[in-house]
Amino acid sequence: MNLITLDEFIARTEHDLPDATGELSGLLRDIGLASKIVNRDLSKAGLVDAILGEANEINVQGEDVKKLDIIANNVLKKCLQNSGECCGIASEEEPDFVAFENRKNAKYVVLFDPLDGSSNIDVIAPVGTIFSVFKRVSPIGELCTIDDFLQPGYKQAAAGYVIYGSSTMLVYTTGDGVNGFTLEPSIGEFCLSHPAIKTPEMAKTYSMNQGNYNSFSDKVKNFVDYCQDNTDKKAFSLRYIGSMVADFHRDLLKGGIYIYPSTKDAPKGKLRLMYECNPMAFIQEQAGGKATNGKERILDIIPTELHQRTTVYIGSTKLVDMLEE
Ligand code: P6P
């Protein structure tokens, strides 16, 4: 059994990384560690009522925060601060970015959604961690600044996600293709299971909250009507788990399109640009797919604030093009 662990894979490919100095490799290893700890806490969530349920806190998004969001956020923050390669973080659960006083010489900043889809935890549906890595633009030796975080997605040094589902997988890219690693719980290692992921350019699956149909634009309504039309073709399948990481992961492997357009409740879209759409767009494009906000490439959007939202159409190239036309 020639298992290639995440650490081994990173070590083998780190010479391919831009200015391969090992820092980015160290960062990826630490994110892997953090996700193993989150996975452990999630797997016993149903048992430890101290973890489940409301944290009686509201995050910056005005959403109820479940205790595991906070735990996942703190685990990631601690692992990244210990990593030594990260000078600061931004998170869905933090109102502003957090500069690490003791890491002024580190080269990278990391933005993450610690537990996306966390409303699914109580019903044991898949949830995920999403992360995005930028090389800092502020001078080494000083505290990181907001400019280190507000960079367009095409400047990402790395991006990835961990999906905590029937098994736990880490999928990431550093700009040289996409690779997937499945957690082997008995040895506590992420092992290469999906090398060089390429997404199908077409599939008959779409993923969206169709309950918002009445507030969609005509363009989106036309696309949904086309998907449902079975007069001279088989209707498409609608698959929607309510957890972007899970819907995205299915579409990445099998093909399909995930859509969160402008709706009455979310006129600017619901998904966050910096730590949901940018990392997923980087992965999608590296796997041969596409990601737009309906007008422009997600990765070209110039960000103006940390928690800004965007509409998102992401998945198989042919389906994204179909929706655009
Ligand atoms: P709705 C989870 O809160 C999330 O950010 C994504 O993971 C998910 O796809 C979407 O929102 C679900 O939103 O409005 O359909 O419940």
Side-chain angles (χ1 to χ4, degrees), residues 35 38 42 45 54-55 57-70 72-73 90-94 111-132 159-165 169 171 205-217 220-221 223-224 227 237-254 256-281 283-284 289 291 293-294 298 306-315 319-320 323:
S35 55
V38 173
L42 273 171
E54 306 303 322
E57 286 194 21
I58 301 285
N59 69 8
V60 289
Q61 319 298 337
E63 294 162 346
D64 280 353
V65 181
K66 297 204 177 303
K67 281 199 174 70
L68 272 169
D69 300 68
I70 298 173
N73 185 63
S91 164
E92 181 190 41
E93 303 304 334
E94 301 280 349
L111 301 94
F112 54 82
D113 182 352
L115 216 51
D116 180 67
S118 54
S119 53
N120 286 322
I121 294 172
D122 298 352
V123 296
I124 314 186
V127 291
T129 296
I130 311 172
F131 63 89
S132 168
Y161 61 88
V162 182
I163 176 166
Y164 310 99
M169 244 185 99
V171 177
T205 304
Y206 69 111
S207 184
M208 67 182 332
N209 182 343
Q210 203 157 308
N212 297 317
Y213 183 88
N214 291 337
S215 63
F216 289 160
S217 67
V220 177
K221 281 181 178 170
F223 179 76
V224 175
C227 291
S237 296
L238 171 60
R239 292 283 183 274
Y240 194 62
I241 302 169
S243 176
M244 185 205 199
V245 175
D247 285 313
F248 178 89
H249 185 67
R250 181 203 53 249
D251 291 348
L252 184 73
L253 298 186
K254 308 274 186 201
I257 183 171
Y258 174 93
I259 299 168
Y260 211 106
S262 164
T263 66
K264 193 156 149 273
D265 296 341
K268 291 201 172 93
K270 177 180 182 186
L271 279 295
R272 267 73 74 176
L273 172 64
M274 298 311 294
Y275 41 77
E276 288 174 337
C277 296
N278 266 343
M280 295 314 219
I283 293 168
Q284 187 61 247
N293 64 359
I298 291 279
L306 220 36
H307 300 292
Q308 76 185 68
R309 298 172 190 268
T310 176
T311 53
V312 59
Y313 308 86
I314 184 168
L319 288 172
V320 176
L323 201 139

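Note that ligands are numbered from 1 as they come in the structure, with each ligand's atoms numbered from 1 the same way. Just so it is clear, the model here is predicted, and its values are computed rather than measured. Any value given below was found using the heavy atoms of this structure, including those in side chains, with hydrogens, waters and symmetry copies removed.
- Among residues at least two apart or in separate chains, side-chain hydrogen bond (donor to acceptor under 3.5 Å, both in side chains) pairs with a member in residues 240-251 are Tyr161-His249, Ser207-Asp247, Ser207-Arg250, Asp247-Arg250.
- Counting only heavy atoms from C-beta outward, the side chains of Tyr206 and Leu238 approach each other to under 4.5 Å.
- Considering backbone and side-chain N/O of Asp247, none are found under 3.5 Å from N/O of ligand 1.
- Taking every heavy atom of Met244 and a limit of under 4.0 angstrom, the matching atoms of ligand 1 come to 6 (C), 7 (O), 8 (C), 9 (O).
- Remark: ligand 1 atoms within the under-4.0 Å shell around heavy atoms of Asn209 are 1 (P), 14 (O), 15 (O).
- Judged as a salt bridge (charged side-chain N to carboxylate O under 4.0 Å, His left out), not a single pair has a partner in residues 260-269 (not counting sequence neighbours).
- Under a 4.0 Å criterion applied to the non-hydrogen atoms of Tyr240, ligand 1 contributes the atoms 1 (P), 9 (O), 10 (C), 12 (C), 13 (O), 15 (O).
- Distances below 4.0 Å separate heavy atoms of Tyr258 from the following atoms of ligand 1: 8 (C), 9 (O), 10 (C).
- Inter-residue side-chain proximity for Ile259 and Leu323 is flagged as met; some heavy-atom pair is nearer than 4.5 Å.
- At least one donor-acceptor pair under 3.5 Å links the side chain of Asn120 to the backbone N or O of Gly242.
- Below 3.5 Å of separation, one finds an N or O of Asp116 facing an N or O of ligand 1.
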